[in-house]
Amino acid sequence: MGGAFDRVTVERERLAVTAVKLAPRLLGAVLVSEIGGARVAVRLTEVEAYEGTADPASHGFRGPTPRTEIMFGPAGFLYCYFTYGMHWCANVVCGVEGRSSAVLMRAGEIVEGADVVAVRRPTAKRAVDYARGPARLASCLALDAAANGLDLCSADSPVRLEYVPSRARPGVRSGPRVGISVATEQPWRFWLPDEPTVSVFKAGGRKRVPPARHTEQP
DNA sequence: AGGACGATTAACT
DNA sequence: GTTAATCGTCCTC
């Protein structure tokens, strides 16, 4: 049907805005995963904007690489990356092609498939901790290398983004991003107030190491 | 070719 | 509060 194509186009257009614009709009939206033979859905409560080539904290800042290639394409695709030798995190690619803007999904509430999530995240003590943190959220939805580049707008896709509004709801909070060591002055972390799934802010992130670059003088 | 460093988490004291 | 785990990526030599 032509209608299905039109709907995908509309959804993708909706995501083709800057990360700072899209990030607060994604709060309350639902990400559905049917990876691994199970259906799990998370309602997003915390996200961060990364403005690609304009943002020193973005993986896309220094231009495309094999890892970040998907970020430089059109909006509405999933960017998954591996970090700290053990975790996966997931982003919604947004903005215009070539700029590599993306929104990191940091936390959410599991609204479907909690039984499956309990198996995927056996160390969680409470349900609010299931998707509290970006690597935990990715783990809940089984997002890893195989999910990188999947289309979030197509009804046929195993991972879909649903209920994204045109405007951010009132009351959205913002503050510095977590875990970065550059561009820390930008308040590009967004979250919903009074949500127990939102992670506590760890000030400053990783400690700044003194300049390791050292040239010996004769 | 070598090494520093993570958009983190869990398990410690 | 601190720190180990653990490896792909990217920068430097």
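Since the structure is predicted, the reported quantities are computational estimates derived from the model, not experimental observations.
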Exam field: side chain A:T18 to backbone A:K21, donor-acceptor pair closer than 3.5 Å: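 Side chain of A:T18 to backbone of A:K21, a donor-acceptor pair under 3.5 Å: yes, one is there.
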
Residues A:T197 and A:E109: side-chain donor-acceptor under 3.5 angstrom: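 There is no such pair between these side chains.
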
Atom-to-atom span, [atom1] of [X] to [atom2] of [N] - whole angstrom:
X      : N      : atom1 : atom2 : answer
A:R62  : B:dC5  : CZ    : P     : 13 Å
A:H59  : B:dG6  : NE2   : P     : 10 Å
A:E48  : B:dT8  : CD    : P     : 7 Å
A:R189 : B:dA7  : CZ    : P     : 16 Å
A:R121 : B:dA11 : CZ    : C1'   : 14 Å
A:D55  : B:dA7  : CG    : C1'   : 10 Å
A:Y84  : B:dA4  : OH    : P     : 16 Å
A:R136 : B:dA11 : CZ    : C1'   : 12 Å

Between CD on residue A:E112 and CG on residue A:L31, distance to nearest 0.5 Å: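 Those atoms lie 12.0 Å apart.
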
Measure from the side-chain heavy atoms of [X] and tell me the nearest of [options].
X      : options               : result
A:L104 : C:dC10, B:dA10, B:dA7 : B:dA7
A:S181 : B:dG6, B:dA7, B:dT8   : B:dG6
A:F82  : C:dC10, C:dC7, C:dA5  : C:dC7
A:S58  : C:dT9, B:dT9, B:dA7   : B:dA7
A:T123 : B:dA11, C:dC10, B:dT8 : B:dA11
A:Y79  : B:dA11, B:dA7, C:dA5  : B:dA7

Nearest heavy-atom neighbours spanning A:V93 and A:P74: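 So the minimum-distance heavy-atom pair works out to CG1-O, 3.6 Å.
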
Watson-Crick or G-U wobble partner of C:dT6, both distances under 3.5 Å: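 Partner of C:dT6: none found under 3.5 Å.
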
Paired nucleotide for B:dA7 [Watson-Crick or G-U wobble; both distances under 3.5 Å]: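 WC or wobble partner does not exist here.
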
A:R132 side chain near B:dT9 phosphate (N/O to OP1/OP2, under 4.0 Å):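 No, outside the criterion.
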
A:Y130 six-ring centre to A:R120 NZ/CZ under 6.0 Å and within 45° of normal: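 That pair does not qualify as a cation-pi contact.
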
